[in-house]
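Data first, discussion second: the structure below is written as structure tokens.
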Amino acid sequence: MAYKKSIDVVIPTLNGSKISKTINSLNFGKIRPKNIYCIYYKKFNFKEFQKFKNITFIKSKKKRQIDQRNLGIKKCKSDLILQLDDDIV
């Protein structure tokens with residue numbers, strides 16, 4: 001039975017030092033998210049993730065994780081939203 005609902009993922013991060021494994025795991029998993037929103041504060045190196053077309057990087061003016069999550073959730077348009085920490089894998 002095929003999974004038909006779309007999933008967006010929101011990942012807040014401060015510096016993204018551990019986010020690479022999480023994003024790779026999401027994009028090479030059994031169910032691939034329609035969109036991944038990485039909400040970052042200050043600086044973030046995007047080059048590593050340019051190969052993925054489903055990732056959007058959004059700069060937050062606020063450092064607090066809850067503010068970053070809310071910013072990402074506002075962008076989501078899929079049936080389901082998954083919130084993850086950047087170091088989940």
Side-chain angles (χ1 to χ4, degrees):
M1 182 170 161
Y3 189 80
K4 296 184 182 188
K5 292 195 182 252
S6 59
I7 299 173
D8 283 349
V9 178
V10 176
I11 307 173
T13 187
L14 291 179
N15 62 12
S17 64
K18 298 180 181 179
I19 200 168
S20 181
K21 287 183 180 180
T22 301
I23 289 176
N24 284 321
S25 179
L26 287 167
N27 275 323
F28 294 112
K30 193 171 186 178
I31 299 172
R32 188 172 181 207
K34 182 176 181 182
N35 297 295
I36 299 173
Y37 296 100
C38 293
I39 317 302
Y40 68 97
Y41 178 74
K42 290 193 178 182
K43 294 183 179 180
F44 191 82
N45 185 0
F46 311 115
K47 291 179 185 177
E48 178 182 353
F49 307 105
Q50 290 178 341
K51 61 185 173 187
F52 299 118
K53 303 298 180 198
N54 65 333
I55 300 177
T56 301
F57 295 94
I58 303 169
K59 186 172 183 175
S60 174
K61 295 178 183 177
K62 299 181 181 179
K63 186 176 181 178
R64 292 180 359 170
Q65 190 179 64
I66 190 67
D67 294 321
Q68 292 177 347
R69 287 190 192 280
N70 287 336
L71 183 60
I73 289 170
K74 288 178 185 176
K75 299 289 184 182
C76 294
K77 296 180 178 118
S78 290
D79 300 315
L80 301 170
I81 300 171
L82 177 63
Q83 297 181 61
L84 296 177
D85 290 336
D86 61 355
D87 61 351
I88 197 76
V89 176

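Treat the numbers as computed from the prediction; the structure is a model and nothing was measured.
Scanning both residues, Asp8 and Lys34, for their nearest heavy atoms gives OD1-CB, 3.8 Å. Heavy atoms only, all atoms of each residue included: Lys59 and Leu71 are closest at O-CD2, 4.1 Å. In terms of heavy-atom proximity, Lys5 sits nearest to Asp79 at CA-OD2, 3.4 Å. Nearest approach of Lys63 to Gln68, heavy atoms of both residues: O-NE2, 3.7 Å. Closest heavy-atom contact between Arg32 and Phe52: NH2-CD2, 4.2 Å.
Hydrophobic cluster of Ile66: no remaining members, since no ILVMFWY side chain lies below 4.5 Å from it.
Atom CG in Asn27 sits 11.5 Å away from atom OG1 in Thr22 (nearest 0.5 Å). Put simply, CD1 on Ile7 and CG on Asn35 are 11.5 Å apart, with the number rounded to the nearest 0.5 Å. Going from atom CD1 of Ile81 over to atom CZ of Arg69 covers 12.0 Å, rounded to the nearest 0.5 Å.
Proximity of a side-chain donor or acceptor of Ser60 to a complementary backbone N or O of Lys62 within less than 3.5 Å is detected. Using modelled atom types, no side-chain atom of Thr56 and backbone atom of Tyr37 make a donor-acceptor pair closer than 3.5 Å. With hydrogens and angles ignored, the 3.5 Å screen pairs no side-chain donor or acceptor of Asn54 with any backbone N or O of Ile36. Judged by distance alone, with hydrogens and angles left aside, the side-chain atoms of Asp85 form no donor-acceptor pair with the main-chain N or O of Asp87 at under 3.5 Å.
Cluster annotation: Ile58 and Tyr41 are assigned to distinct hydrophobic clusters (Ile/Leu/Val/Met/Phe/Trp/Tyr, side-chain heavy-atom contacts under 4.5 Å, transitive). A single hydrophobic cluster is not seen to contain both Leu26 and Val10; linkage of ILVMFWY side chains at heavy-atom distances under 4.5 Å, directly or through other members, places them apart. Two different hydrophobic clusters hold Leu14 and Val9 under the rule that ILVMFWY side chains link at heavy-atom gaps under 4.5 Å. In terms of hydrophobic clustering, with Ile, Leu, Val, Met, Phe, Trp and Tyr side chains grouped at heavy-atom distances under 4.5 Å, Ile73 and Ile88 are assigned to different clusters. Tracing side-chain contacts under 4.5 Å through hydrophobic residues (I, L, V, M, F, W, Y), one never reaches Ile11 starting from Ile39; they form parts of separate clusters.
Under the 4.5 Å side-chain criterion, counting only non-hydrogen atoms from C-beta, Phe49 is in contact with Ile19.
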